[in-house]
Amino acid sequence: MNLFVIGDVHGCYVTFLKMIDRWDKETEILIQLGDLIDRGNGSPEVVKLARHLKKTYRDQAVFIKGNHEYEMIEHITNPPNNNWLKQGGSETLHQYLATGQDIKDDVSWLRTMPLYWGNDHVFISHAGISETANNPFNETSEYGILWNRGPLKNIQKLQIIGHTPGDWPIYDRQSNSWNIDTAAVFGNQLTGMKLKQSGELIDWIHINTDKRDMRKRR
């Protein structure tokens, strides 16, 4: 099957729904590369949808852990995580209270999220394998696979990441990597990348952010 990789959602539920509508379930594995939650207006709804898709489609729907999922887990398990609260966590907590959705049950599910998806040709993670990380799978390291913002290592596979927002997908030739976080929560667009399991690009899907997903800025 081909791959359909989706960038950072950040609570943009309506926009995410529109992107899911573009998923061909007969021919594609869906892979969302982390940061489902925080900053947008619909974090509980996004998690609920992701859990439904995972339960329904199993290995054909993959949701990778991002740094926001990590921090939410930390806050609920051993509060407070003040960085998470400042980075959209406070609003996420309010949304959970408003919806009545069980945050502890969702956090139990977030714990099961893998750090990456990969095959012989493609490696998909939230922030990528850093050039300088001693242990890229250390979830607390600033150079780790959840947090890295520095140059990526060329691992002889195509890396696909998010984490660092930009206006448009960015390809780095030296590391052979795509960053597909296109700042949906800041009013730009959510990006999906369709490709073969060999890494050959098939198509791009760009969904402009639905205004209902964005908080009003003061």
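Nothing fancy with the numbering, it's 1 onward along the sequence.
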Nearest non-hydrogen partners of [X] and [Y], listed with the distance:
| X | Y | value |
| --- | --- | --- |
| Val47 | Ile37 | CG2-CG2, 3.4 Å |
| Ile180 | Val5 | CD1-O, 3.7 Å |
| Arg39 | Arg215 | O-NH1, 3.0 Å |
| Pro151 | Asn148 | O-ND2, 4.2 Å |
| Gly128 | Ser125 | N-OG, 3.0 Å |

Using only atom types and a distance under 3.5 Å, with no angle test, would you say the side chain of [X] pairs donor to acceptor with the backbone of [Y]?
| X | Y | result |
| --- | --- | --- |
| Thr112 | Trp109 | yes |
| Lys54 | Arg58 | yes |
| His75 | Asn81 | yes |
| Asn208 | Gln189 | no |
| Thr15 | Asp210 | yes |
| Glu91 | Asn41 | no |
| Glu69 | Leu36 | yes |
| Thr209 | Val185 | no |
| Asn179 | Pro165 | no |
| Thr77 | Glu74 | no |

Do [X] and [Y] share a hydrophobic cluster, counting only Ile, Leu, Val, Met, Phe, Trp and Tyr and linking them when any side-chain heavy atoms are less than 4.5 Å apart?
| X | Y | result |
| --- | --- | --- |
| Leu33 | Trp117 | yes |
| Val9 | Phe186 | no |
| Ile170 | Leu195 | no |
| Met113 | Tyr57 | yes |
| Leu17 | Trp23 | yes |

Identify the residue among Lys48, Arg111, Arg51 that makes a salt bridge (charged side-chain N to carboxylate O under 4.0 Å, His left out) with Asp106.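 That would be Arg51; it is the only one of Lys48, Arg111, Arg51 passing the salt bridge (charged side-chain N to carboxylate O under 4.0 Å, His left out) with Asp106.
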
Considering the options Asp24, Thr27, Leu30, Ile29, which one meets the side-chain contact (heavy atoms from CB on, under 4.5 Å) requirement together with Phe4? Leu30

Determine, step by step, whether Ile205 and Lys194 satisfy the side chain to side chain contact (heavy atoms under 4.5 Å, CB included) criterion, reporting the C-alpha distance in whole Å, the side-chain angles of both residues, the deciding distance to 0.1 Å, and the verdict. CA-CA 8 Å; Ile205 308 296; Lys194 299 197 176 202; 4.0 Å; yes

Output yes when [X] and [Y] qualify as a salt bridge under the 4.0 Å nitrogen-oxygen rule, no when they do not.
| X | Y | value |
| --- | --- | --- |
| Asp203 | Arg22 | no |
| Asp120 | Lys157 | no |
| Lys104 | Asp102 | no |

Please report the C-alpha distance between Leu49 and Val46 in whole Å, then the side-chain angles of each, then the deciding distance to 0.1 Å, and finally whether the side chain to side chain contact (heavy atoms under 4.5 Å, CB included) criterion is met. CA-CA 5 Å; Leu49 174 59; Val46 170; 5.8 Å; no

[atom1]/[X] to [atom2]/[Y] distance, rounded to the nearest 0.5 angstrom?
| X | Y | atom1 | atom2 | value |
| --- | --- | --- | --- | --- |
| Ile160 | Ser177 | CD1 | OG | 9.5 Å |
| Glu71 | Ile76 | CD | CD1 | 12.5 Å |
| Ser90 | Gln95 | OG | CD | 11.0 Å |
| Gln101 | Ser43 | CD | OG | 10.0 Å |
| Ile207 | Lys18 | CD1 | NZ | 7.5 Å |
| Tyr13 | Ile20 | OH | CD1 | 10.0 Å |

Count the heavy atoms belonging to other residues, nucleotides or ligands that lie under 6.0 Å from [atom1] of [X], then report whether that count exceeds 12.
| X | atom1 | result |
| --- | --- | --- |
| Tyr96 | OH | yes |
| Asn135 | CG | yes |
| Asp21 | CG | yes |

Side-chain contact, heavy-atom cut-off 4.5 Å: [X] with [Y]?
| X | Y | result |
| --- | --- | --- |
| Leu3 | Ile31 | yes |
| Leu190 | Ile6 | yes |
| Gln197 | Asn2 | no |

Compute the centroid of each ring, for Trp178 and then for Trp204, and state whether the two points are separated by less than 6.0 Å.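 Yes.
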
Under 4.5 Å side-chain linkage, directly or through intermediates, the cluster mates of Ile145: Tyr70, Leu115, Tyr116, Phe123, Ile129, Phe137, Leu146, Trp147, Ile155

[X] side chain to [Y] side chain, donor-acceptor N/O pair below 3.5 angstrom:
| X | Y | value |
| --- | --- | --- |
| Asn176 | Tyr171 | yes |
| Thr191 | His206 | yes |
| Ser175 | Asn154 | no |
| His10 | Asp38 | no |

Evaluate the side chain to side chain contact (heavy atoms under 4.5 Å, CB included) criterion for residues Leu152 and Glu131: first the C-alpha distance (whole Å), next the side-chain angles of each, then the deciding distance (0.1 Å), finally the verdict. CA-CA 5 Å; Leu152 298 183; Glu131 277 188 339; 6.0 Å; no

Atom pairs and distances, side-chain donor-acceptor, residues 60-67, under 3.5 Å, sequence neighbours left out:
unit_1, atom_1, unit_2, atom_2, d
Gln60, NE2, Lys25, O, 2.5
Gln60, NE2, Glu28, O, 2.8
Lys65, NZ, Glu139, OE1, 3.2
Asn67, OD1, His126, NE2, 2.9
Asn67, OD1, His163, ND1, 3.3

